[in-house]
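I have placed the structure first, in the form of structure tokens, so that the comments after it can refer back to it.
FYI, side chains are in, hydrogens and waters are out, and symmetry mates aren't considered; it's all heavy atoms of this structure.
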Amino acid sequence: MREPAGQDEYGSTNPFDPDEFSTLNTMGPAVGSNDFEKYAVAVIIVFGALIIGGLMAAAMAFGHRNGFLFALGGATSAWISGNALLLDRPRIYALFVGIAALMLVASTLTLVL
């Protein structure tokens with residue numbers, strides 16, 4: 001017995017007709033799509049893992065409190081920029097990336113000098 005239109009065998013609705021899957025991506029995957037989410041997730045992961053894992057650990061190992069706090073501020077700023085990109089706010093994204101870069105340079109300088 002065939003299920004009612006729009007439902008599968010478990011009763012959940014399916015917006016796609018199985019016979020129409022061949023024409024689903026006729027225009028290509030990138031046409032009309034917005035890939036900000038991929039870049040935002042990449043920014044959050046890279047800055048979160050590398051900056052917190054690297055600069056903070058180095059600052060703690062060498063006993064530099066200021067370097068640790070600058071790295072924490074830079075990672076937090078980069079995390080906020082990833083969320084700004086996710087919310088489609090490119091100017092706020094650029095501002096927080098700039099703040100993150102300055103704070104991370106300051107953290108590196110406190111470790112070196």
Side-chain angles (χ1 to χ4, degrees):
M1 181 173 163
R2 184 152 173 91
E3 299 296 327
Q7 289 186 350
D8 62 6
E9 60 206 270
Y10 301 108
S12 63
T13 59
N14 186 359
F16 302 111
D17 184 13
D19 299 328
E20 298 294 324
F21 282 138
S22 61
T23 61
L24 188 61
N25 286 327
T26 56
M27 293 178 58
V31 175
S33 67
N34 187 352
D35 289 335
F36 283 139
E37 290 85 10
K38 291 179 186 176
Y39 297 116
V41 170
V43 166
I44 291 169
I45 290 171
V46 169
F47 277 103
L50 293 179
I51 302 307
I52 290 174
L55 279 175
M56 288 184 174
M60 287 173 30
F62 291 115
H64 293 276
R65 183 185 63 176
N66 291 338
F68 175 80
L69 293 175
F70 278 131
L72 177 65
T76 303
S77 177
W79 178 75
I80 292 171
S81 72
N83 290 312
L85 187 59
L86 191 63
L87 296 172
D88 199 18
R89 303 281 189 231
R91 291 184 184 191
I92 295 174
Y93 167 75
L95 173 73
F96 278 105
V97 166
I99 292 170
L102 290 174
M103 294 187 94
L104 297 174
V105 166
S107 175
T108 305
L109 288 176
T110 59
L111 289 172
V112 173
L113 300 179

Problem set entry | For Met56 against Leu72, the heavy-atom pair lying closest together | CE-CA, 2.9 Å
Exercise. So which heavy atom on Gly74 is nearest to which on Leu104, and how close?
Worked result: CA-CD2, 4.0 Å
Exercise. Side chains of Phe70 and Thr110: closer than 4.5 Å at any heavy-atom pair?
Worked result: yes
For this session: Please report the closest heavy-atom contact between Ala100 and Ala78, naming both atoms and the distance.
Result: CB-N, 3.8 Å
For this session: For Ser107 and Met103, indicate whether the former's side chain and the latter's backbone hold a donor-acceptor pair under 3.5 Å.
Result: no
Problem set entry | Ala59 versus Gly67, closest heavy-atom pair with distance | CB-C, 3.7 Å
Problem set entry | Cluster overlap Trp79 with Leu95, hydrophobic side-chain contacts below 4.5 Å | yes
For this session: Kindly indicate, with the supporting measurements, whether the criterion side chain to side chain contact (heavy atoms under 4.5 Å, CB included) is fulfilled by Ile92 and Leu85.
Result: CA-CA 8 Å; Ile92 295 174; Leu85 187 59; over 6 Å; no
Exercise. Once you round to the nearest 0.5 Å, how far does CG of Asp88 lie from CD of Glu37?
Worked result: 8.5 Å
Exercise. Can you tell me if Ser81 uses its side chain to pair, donor with acceptor, with the backbone of Phe96 under 3.5 Å?
Worked result: no
Exercise. Say you draw a straight line from OH of Tyr93 to OH of Tyr39; how long is it, rounded to the nearest 0.5 Å?
Worked result: 10.0 Å
Exercise. Are Ile99 and Ile80 side-chain neighbours, meaning at least one heavy-atom pair lies under 4.5 Å?
Worked result: no
Exercise. Do Leu109 and Leu102 share a hydrophobic cluster, counting only Ile, Leu, Val, Met, Phe, Trp and Tyr and linking them when any side-chain heavy atoms are less than 4.5 Å apart?
Worked result: no
